[in-house]
Amino acid sequence: MELHLQMKEKKAEIEMEGSERESNDGGDRPHPWQSYHTVYTIAKAGMEGVDKEKVQRTVYEMSKGSKYFQNEERKEAFINHKIHNFRLNCAKLTPQDLSHYRKVADRRILELEASRDLSRIWLHVDMDAFYAAVETLSNPTLKGKPMAVGTISMISTANYEARKFGVRSAMPGFIARKLCPQLIFVPTDFNKYTHYSDLTRKVFRRYDPNFIAGSLDEAYLDITQVCKERNVKSEQIAQELRASVYEETGLTCSAGVAPNRLLAKVCSDINKPNGQYILPNDRVAVMTFISSLPIRKIGGIGKVTESILKEVFGINTCEQMLEKGSYLCALFPQSTTDFFYSVGLGLGKTDSPQERFRKSISTERTFSATEDEALLYKRLAEVAQMLSTDMQKEGLCGRTLTLKLKTASFEVRTRAVTLQKYINSSEDILKHASKLLKAEFPISVRLIGLRVSQFNEDKYGATSDPKQKTITHFITSGEDNRNSSSFPDVTDHDFVAGMETDLSIVSRQTCQHECRDPFDGNHSLDADYQSYAAWENGGAEEVPTSENDATSSNYSGCTDVPGSTSFQGQFADTNVNNGCNLLKDQERLESSCQESTMLWLNDYKCSLCGTELPPSFVEERLEHSDFHLAEKLQKEESKIHQTSLPSQSRYQKDRIARQSKSKKQRLSQKEGSYTPIDYFFVRE
DNA sequence: GCGGATCAC
DNA sequence: TATGGTGATCCGC
């Protein structure tokens, strides 16, 4: 689930004041440790009665000054800036705007309300501290003692005794040890967890053969049928199911029952651990339940979204999503707004989705940061080998390869290339990945990852037509089709292998030693590096995107396409001062296409795409016009070159953009103070 | 199609 | 001393 919070927000037109920036380092605040990113303390369960302030202070003291922490501060500054811009846009809304959006919001809320489906009974079951519980099962001496599964650098799961000290999953172990010196660390044993997960699933299957496995430790069951057949209440089913799970595994779990999956998940958390909560299929009950519920409890609302909604709109509870509905629909895209309203109404998915196929496969590894290029190539080769092995295991071939890098300063970069050929051999992966990596040097890296997507469709045959699925979903769920992407749902995570954060580094020893340079039997670092040079310009089958092939393009000028009418737009009456680009483009547009009109329908809605923008958002409207213009020009261009080779200009533009970007990065790297966030503060 | 972000687990 | 790995999705460009 992603909430595109940044869309309608204007880019950094507003310069940040120095004082505002300083506020991010905590220097002028009374409690610098109370920053939103100290998320460890806002646990969902088991953290009641924890001295939160003490935990926050400890986490802060342990983290302060680290590279990791500095990066977190950068990210937080970015969020603060976003919040700042949202506030400015809020302030720009006139009473007329608000009255308009109130109507829009109310209408939409009514539509969503009409889609409410109270006919299904969903049960969400969630194992309690699963990894830790399994480990305690196999080593009963751990019982009653604070314990964490994971390592000194990262914790997967903590048992409830440890949680009392503020120890939490995704917390680095050395901080956890500070919070709880007697904490026992147990390494992860993935096979063990899979075994117990299978046992629980055997139980789940008895209640819903089509249950949705969210991860190893949680599942959604549609128990409508069972309840009806046995003529029992959902509460009894939940009791029975939990007892069965305990009987078969010795593990406790918690359950939530509700009319849809979103609510069921919230409910399973309420009486955790070893408890359950039933929300009846009754509209009033749902609305009462949702009214005071903090938005962060909703799946899909993470710390960033929570922070923005809280600080910009004063939204703390789900109910307030409706109260502030006019502001929300004024400032967010409709897909996002729909999701927010659904939260406010307590709506969620009620259908049983069909099997879904993975869309990508990836491998990534963290190591001690290095700028040694030969060493990085070696790491890359290892990752490529692991990925290739995984792909071959599943018989997958893909044509988009993405390299992920995390720099020593925790900045994440991705670089992708789309090939004409579907690949899955380690040689092919490494060849293309090496090119992507090479372009980033010099760089100090602490993580390398590779992902392959765009799989060969033949692999799945006709069974994976996503459109078909969407239609099915539409019919069975009774939801507006447009909303489907806006509802976060566990089915989005069907392929998550490790739940509760599986941090175990699977042993790859054999693979690392067997990993050979595809073009050189020699395994030495230098050889790896040198052989890379041989690949330069060697990828003939590669689609010429970023760096090769600018020379092979046959593009030679253009033949204007007359009367291209795909775009129908005259640009906003907001004429004047939009710079010469627009004017020039507009001239071109006028001369090359039939005129018709882009209007703001009812003063608010774009006649071309339906986007809403209030009249007071002058600059945003200009940008929007630009967008349609650019879109139109692009269409024109692609028409021109449809029969010829790809346009050189576009690739050159790409190249220039990349070059200038990497130059920037190199420069700042050299200075040792690369802070992407700063770009945001600078007016162009 | 690419890159950055957000989110879940 | 020291802050993970896998997958999905969306937006702006």
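Please read all numbers here as calculations on a predicted model, not as lab measurements. Throughout, a chain's letter reflects where its sequence line sits, starting with A, and its residues are numbered from 1.
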Q: Scan side-chain atoms only and decide if A:Ser66 and A:Gln70 contain a donor-acceptor pair under the 3.5 Å cut-off.
A: no
Using whole Å, what does the distance between atom [atom2] of nucleotide [N] and atom [atom1] of [X] come to?
X	N	atom1	atom2	result
A:Arg261	B:dA8	CZ	C1'	15 Å
A:Lys404	B:dG3	NZ	P	14 Å
A:Leu405	B:dG4	CG	P	10 Å
A:Phe455	C:dA8	CZ	C1'	12 Å
A:Arg446	C:dG4	CZ	P	5 Å
A:Arg296	B:dA8	CZ	P	6 Å
A:Lys303	B:dA5	NZ	C1'	12 Å
A:Arg74	B:dT6	CZ	P	14 Å

Below 4.0 Å: OP1/OP2 of [N] and any side-chain N or O of [X]:
X	N	answer
A:Arg415	B:dG4	yes
A:Arg358	C:dT6	no
A:Ser360	C:dA8	yes
A:Lys67	C:dT3	no
A:Lys406	C:dG4	yes
A:Ser153	C:dT3	no
A:Arg451	B:dG3	no
A:Thr418	B:dG1	no

Q: Establish, yes or no, whether a centroid distance under 6.0 Å links the rings of A:Phe211 and A:Tyr220.
A: no
Q: State yes or no: are the ring centers of A:Phe69 and A:Tyr60 separated by less than 6.0 Å?
A: yes
Counting side-chain heavy atoms from CB outward, which of [options] is closest to [X]?
X	options	result
A:Ile175	C:dG5, C:dT3, C:dT9	C:dT3
A:Thr366	C:dT3, C:dG4, C:dA8	C:dG4
A:Arg356	C:dT9, C:dC11, C:dG5	C:dT9
A:Arg365	B:dC7, C:dT6, C:dT3	C:dT6
A:Lys82	B:dA5, C:dT3, C:dT9	B:dA5
A:Val304	B:dT6, B:dC9, C:dT3	B:dT6
A:Met154	C:dG4, C:dC11, B:dC9	C:dG4
A:Lys359	C:dG4, B:dA5, C:dT9	C:dT9
A:Arg413	C:dT3, B:dC2, B:dG4	B:dG4
A:Thr414	C:dT6, B:dA8, B:dG4	B:dG4

Q) Pairs in or reaching into residues 385-408 of chain A: which pass ring-ring contact (aromatic ring centres under 6.0 Å, His included), with residues at least two apart or in two chains? A) none
Q) Between A:Phe367 and A:Arg379, is there a cation-pi geometry (under 6.0 Å to ring centre, at most 45° from the normal)? A) yes
Q: Mind checking ring pair (Phe, Tyr, Trp, His ring centres under 6.0 Å) for A:Phe410 and listing every partner two or more places apart, or none if nothing turns up?
A: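 If we apply the ring pair (Phe, Tyr, Trp, His ring centres under 6.0 Å) test to A:Phe410, skipping adjacent residues, the hits are A:Tyr68.
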Q: Take A:Phe340 and A:Thr305, measure what side-chain contact (heavy atoms from CB on, under 4.5 Å) needs, and give me the verdict at the end.
A: CA-CA 11 Å; A:Phe340 289 157; A:Thr305 309; 4.1 Å; yes
(Q) Quick check on DNA chain C: between A:Ile361 and A:Lys64, whose nearest nucleotide comes earlier from the 5' end? (A) A:Lys64
Q: Give one of base, sugar-phosphate or nothing for A:Lys178, where a contact means two heavy atoms less than 4.0 Å apart.
A: nothing
Q: Assign A:Thr402 to base, sugar-phosphate, or nothing according to its heavy-atom contacts below 4.0 angstrom with the strands shown.
A: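 Touches nothing.
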**Q.** Nearest-angstrom distance, C1' atom, B:dC7 to C:dG4
**A.**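 Comparing C1' positions in B:dC7 and C:dG4 gives a spacing of 15 Å.
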